Visitor: 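Right, I'll just put the structure down here and ask away after.
For clarity, every value in this text was computed on a predicted model and none was experimentally measured.
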Amino acid sequence: MSPHHFWMAIAFGILPTLVVLLGCGSGEDGSTAAELRRRQLQRQSADATQKQSFEDQLAYAQQQFRKSNYSESRTTLLSLSIEHPEDAEVTLLMAKCEAQLGNALAAAGLLEDLRSPQSELLDEADWLSAQWLADAGELSAAQQRLQRILERSGDTNRVHHRLASLLNNQGLRIQAASHLRALVRSGDTTEKELFAMNTYGDSFIDESIPKPNYGDRLVPAQLADARQLRSDGELDRARELIERLSLSFPQSAPIHAFQGRIYSDLHDDLSLQQWSQRTPAGIEEEPEYWHALGAWMQRQERHKESARCYIEAIRRDPTDRFSHLGLAQSLQQLGRIEQANCVTQRYLMLNEMANLIRNIGLRPGTPEELSRIAEILDQLNRPWESIAWQEVLLRTHGSGDIDEQRLQARRNELANTTAASVNAFESDLADSCGIAIDELPIPSLSPPDSVSSTTSPPDASSAMVPATPIRLEDISESIGLAFQYQSGNDWRANEHLLHQLTGGGIGVVDFDRDGWNDLYLTQGGGDAFDPDGSLPNQLIRNVSGQATDITVPADVGDQGYGQGVCVADINQDGFADLVVANIGPNVLYLNNGDGTFRQQAMPSVNTNGAWTTSIACGDLSGDHLPEVFEVNYVDDPKVLAVVCTPEIDLCNPSSFQPAVDHVWKSNQEGQLTTWKGCQNLDQKPNYGFAAIIADFDRSGGNDVFVANDTKENQFWQSEPVRDSGERTLHENAMVAGCGLGAMGQRQGCMGVAHGDFDQNGSLDLLVTNFWNQPADLYLQNSPAFFDNASTSFGLYNDTRMTVGWGAQAVDFDRDGWLDLAMLNGHLVDHRKRGQAFQMQPQLFQGDSRGFVRVNGSTIGPSYWSSPALGRTMAVSDWNRDHKPDLIANHLDKPVAVLENRTQSANFVRFDLVGTISERDAIGASIVVQCGDQVWSRWNVGGDGFLCSNESTVDFGLSDAPSIDQVEILWPSGRRQVFRNLSVNRQYLVTETDESVFECH
């Protein structure tokens, strides 16, 4: 509709709806708005001969507009529009009046078909229309008006700024990228826009643009809401919204691509298969489409196709570090090690930069951080962004190695080279890392006969027996155990030091070899780093199920500020020793074999000792003697002076300097010396909490997983030293897939549990995390490659709003599937923020479908329904009934012994003694076969958070009546096979003995 017809329709009442919209209602005498307009026009026509010229009337209207007399200006313009319906200047000013009078949509509509030979006037009309439409929530229409300006007038920075914001706020991050790149090349970009260029796969909202109120409408721009839900960890809500959007807007390629990304996050391969069969036009240009396909192919171990998909994703979005990671993993699986290493280096740079920019988002960036960002961007062939970050450095910190003239010279140089082109940003990773793309096929997406997924549990029909109610009752009072960990501060207080919040350690040890598991419990209560200032640790002897404190006669009452404890035969004499972790000097107690211990000094890098949280022992060097892996937390004297309160929460360890872990080598006398076999360990400080030592990939040689708080986890992978018989370890968590959370974020990792959770014969990991961070379930699908499956295994939602600490994986009901127990409790009291302080412990019952949380009232209501500040948890068959029990420690109540009273199915248990291997046989694996059922378990070192479990390897066998075969792979590489063993027995196996012995 032309402006002339538009206004005539209003004047003569043909568009009553728009009349209302424009603010014209009934007059005081009851006349309709149309009648009032008609009379006004008649009066104006009668006086036409007395009117001023067109120019004078327009000048008058402009004057009234400047005086904010918009109604008078509009009245004059209405007359002019009738006489000069095609005058663009009149129409533009009328639209401005309507907008000022609150009729933004009508104003934009008036300018929709504006025509003029003056491009400046048309640009202004489209610019204003875009603003009005955006304010009214019509973001897509606003985007179209701005695009017309670019098509008409070429690059215009103000348009690029506005389009980038509008597109970002619609969730169209890749579409926004071209405008952000244009701005950064022009030198006119804001720091906020540089943040937006960091990772296009992340949500980014320009909050300076008011969020539209869509009411009950569903609009494509709500893709931004779905992205934000994903960023917030609300995967179920993100899925619900994106599925609604996909149904309503099936031709939207960005919506469809993001739907695939969500299905990939959820490991929902059935939905991915269905999603892949209905793709809209343009989907191939969406990097998230290719990422979802790549992850899907990777889980099916179709690594050539996976690699190709990831390359296609990276070519469209070089900021996608997770496609880099996926590509590196698939290339490594294909044996293309050099190419995988090349891609890995780019991934590590992208990840480092993402972490730096995240930090700068919380507080001003330091010169070192800003310089490092610029350096990484140069290395990633993104020179324009590098210059822009250097300009930020120059503005915020002044001088240094850069100046404005040098930056301008660099700009001029780039402008005269091919690097100035848009495609330079999208450099081909395949070429830079020597990958021949043609050798990697694009996957066929024809409907398969079935959808396979190596990360999904087997079908529920394979479950052997119905779920049995699990019962775990607190018996600590009846057995005479009354141990309360003391932190040195009342847990109810508002002020705490960080070290007063981690809790004390638990070591399960049969120190006197009488067949009854005893307990070693560490204490605090004094000043950190004071080796004699805390309460003494306690050794609790288990005398036929009753607890007796024998700390004094055993001489193990260390008074350092206690953390974790590791039980290991350090000097290989057949008696379990104690390695005690302290905040301060650590302590080694060697078992004399007569009920007493002798203390031996442990080496330390720091004069006063480190803050050691956990200790794990096992043979890492390949010499068949145990190494001592010391997991350290903070190396910063400020930690003893900075107080955490609910109002000023400084309990995040990132407020302090991280600590370097250390590894000590032992000899047969129990002497410890530094071992340098973990490559560059001293260059990798972290906030370590827990460790697991095991031969994860069964390739020979023990690996080490370390759970780190607020930083990437570490996975130290063993490899042989050529022609020496020795081994070294290199850190590989990122490529291995166990370094980050499900959404690729660093988590507040604390506790670790281990076991074969999906029964594929490989060792998996469960890691507990901080508030609003779900537990991570790392399933090992290929040797030393993990996939985070907490969503598909039912753990994501139930663990997200907890602060998880100690966790253990035990088959309590003996149905053949591991169950999970977790202790929870916050650091400080944030109930005013809606966060629980004391928290209930959790138990998840496992079966072929994954995990289901069990109501605490059915497990043992006196304990499992009572919120607490839970911390450390260990496994021990306290009463020797061959059922694994739990020992749980807390900040706010005594240690609990949780007796397993479950009416469970069949089992078998093994105690291992190494002869060629070190005596504890850490790293051994056992495979039990009963008919067509096969179970795998491992003998590990570390056992998780601040604890050592009983050394027995426990199997639930469901209803299997007998055992056909048991195969043991020892750390030395020796294999032993035993056949036709009985169920419901505990056996002792010695590495060089061809017989097994039944334990009573």
Side-chain angles (χ1 to χ4, degrees), residues 458 462 464-465 510 515 618-619 693-700 702 754-764 780 783 809-819 846 875 877 880-884 904-941 943 949-1000:
S462 65
M464 296 302 302
V465 294
D510 182 7
D619 178 18
I693 295 178
D695 183 2
F696 279 86
D697 54 8
R698 289 196 174 106
S699 65
N702 281 322
H754 63 87
D756 183 6
F757 297 114
D758 56 356
Q759 289 200 19
N760 71 342
S762 297
L763 181 58
D764 309 316
Q780 187 181 188
V810 179
D811 187 357
F812 293 109
D813 54 10
R814 303 298 177 80
D815 66 348
W817 295 89
L818 289 171
D819 310 304
V875 179
D877 177 15
R880 285 190 66 185
D881 65 353
H882 302 304
K883 293 182 180 181
S904 56
N906 296 330
F907 68 89
V908 68
R909 291 162 62 85
F910 296 95
D911 293 319
L912 303 182
V913 177
T915 54
I916 301 172
S917 309
E918 52 100 5
R919 287 190 63 91
D920 291 328
I922 298 301
S925 63
I926 307 176
V927 179
V928 173
Q929 182 174 350
C930 303
D932 59 356
Q933 302 173 76
V934 179
W935 294 276
S936 300
R937 299 287 184 266
W938 288 259
N939 193 31
V940 311
D943 294 322
N949 295 335
E950 64 180 5
S951 59
T952 301
V953 182
D954 181 88
F955 289 80
L957 301 179
S958 186
D959 59 355
S962 61
I963 300 171
D964 297 328
Q965 178 177 295
V966 174
E967 181 180 14
I968 301 176
L969 175 61
W970 295 86
S972 65
R974 178 183 175 86
R975 293 180 183 270
Q976 284 180 295
V977 177
F978 305 97
R979 293 184 172 85
N980 302 320
L981 300 184
S982 299
V983 299
N984 299 330
R985 300 287 190 275
Q986 184 164 329
Y987 295 100
L988 174 66
V989 185
T990 304
E991 185 172 9
T992 53
D993 199 322
E994 298 305 320
S995 300
V996 298
F997 299 91
E998 186 176 332
C999 303
H1000 298 285

Visitor: Hey, does Asp811 have a side-chain heavy atom less than 4.5 Å from the side chain of Asp819?
Guide: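 Answer yes - side chains close enough.
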Visitor: What pairs with Asp954 under side-chain hydrogen bond (donor to acceptor under 3.5 Å, both in side chains), at least two apart in sequence or on another chain?
Guide: Arg814, Arg909
Visitor: Taking all heavy atoms of Cys930 and all of Ser962, pick out the closest pair and write down the distance.
Guide: SG-O, 3.3 Å
Visitor: Search all heavy atoms of Ser951 against all heavy atoms of Asn939 and return the closest pair with its distance.
Guide: O-OD1, 3.5 Å
Visitor: Show, in sequence, the C-alpha distance, side-chain angles and deciding distance for Phe910 and Leu981, and conclude whether the side-chain contact (heavy atoms from CB on, under 4.5 Å) test is met.
Guide: CA-CA 12 Å; Phe910 296 95; Leu981 300 184; 4.2 Å; yes
Visitor: Is a side-chain donor-acceptor pair under 3.5 Å present for Ser972 with Glu991?
Guide: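 Distance-only check passes for Glu991 and Ser972.
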Visitor: Taking side-chain contact (heavy atoms from CB on, under 4.5 Å) as the test, write out the residues that go with Ile968, two or more places apart.
Guide: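 For Ile968, the residues satisfying side-chain contact (heavy atoms from CB on, under 4.5 Å) (neighbours in sequence not counted) are Leu912, Ile926, Val966, Trp970, Phe978, Val989.
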Visitor: Is a salt bridge present between Glu950 and Lys883, judged by a nitrogen-to-oxygen distance below 4.0 Å?
Guide: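 No.
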Visitor: Rounded to the nearest 0.5 Å, what separation is found between the CG atom of Asp877 and the NE2 atom of His882?
Guide: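 The CG atom of Asp877 sits 7.0 Å away from the NE2 atom of His882.
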Visitor: Could you pull out the closest heavy-atom pair between Ser762 and Trp938, with the gap in Å?
Guide: C-CH2, 3.4 Å
Visitor: Of the non-hydrogen atoms in Ala694 and Leu763, which two are nearest, and what is the gap between them?
Guide: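 Between these two residues, the closest heavy atoms are CB-CD2, 3.6 Å.
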Visitor: Could I get the full list of side-chain contact (heavy atoms from CB on, under 4.5 Å) partners for Asp993, not counting sequence neighbours?
Guide: Thr990, Ser995, Phe997
Visitor: Is Arg979 close to Val977 at the side-chain level, that is, under 4.5 Å between some pair of heavy atoms?
Guide: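 In contact.
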Visitor: If you measure from CD1 on Ile693 to CG on Asp943, what distance do you get to the nearest 0.5 Å?
Guide: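 Result: 10.0 Å between the selected atoms.
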Visitor: State which residue, out of Asn984, Ile963, Val953, fulfils the side chain to side chain contact (heavy atoms under 4.5 Å, CB included) condition with Val908.
Guide: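 Between Val908 and the candidates, side chain to side chain contact (heavy atoms under 4.5 Å, CB included) is satisfied uniquely by Ile963.
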Visitor: Could you tell me if the side chain of Leu818 sits less than 4.5 Å from the side chain of Gln759, heavy atoms only?
Guide: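 No, their side chains stay 4.5 Å or more apart.
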Visitor: Nearest 0.5 Å, what's the CZ-CG distance between Arg975 and Leu969?
Guide: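 These two atoms lie 4.5 Å from each other.
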Visitor: Within this structure, what is the CG-OG distance for the pair Asp881 and Ser904, rounded to the nearest 0.5 Å?
Guide: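 Going from the CG atom of Asp881 to the OG atom of Ser904 covers 8.5 Å.
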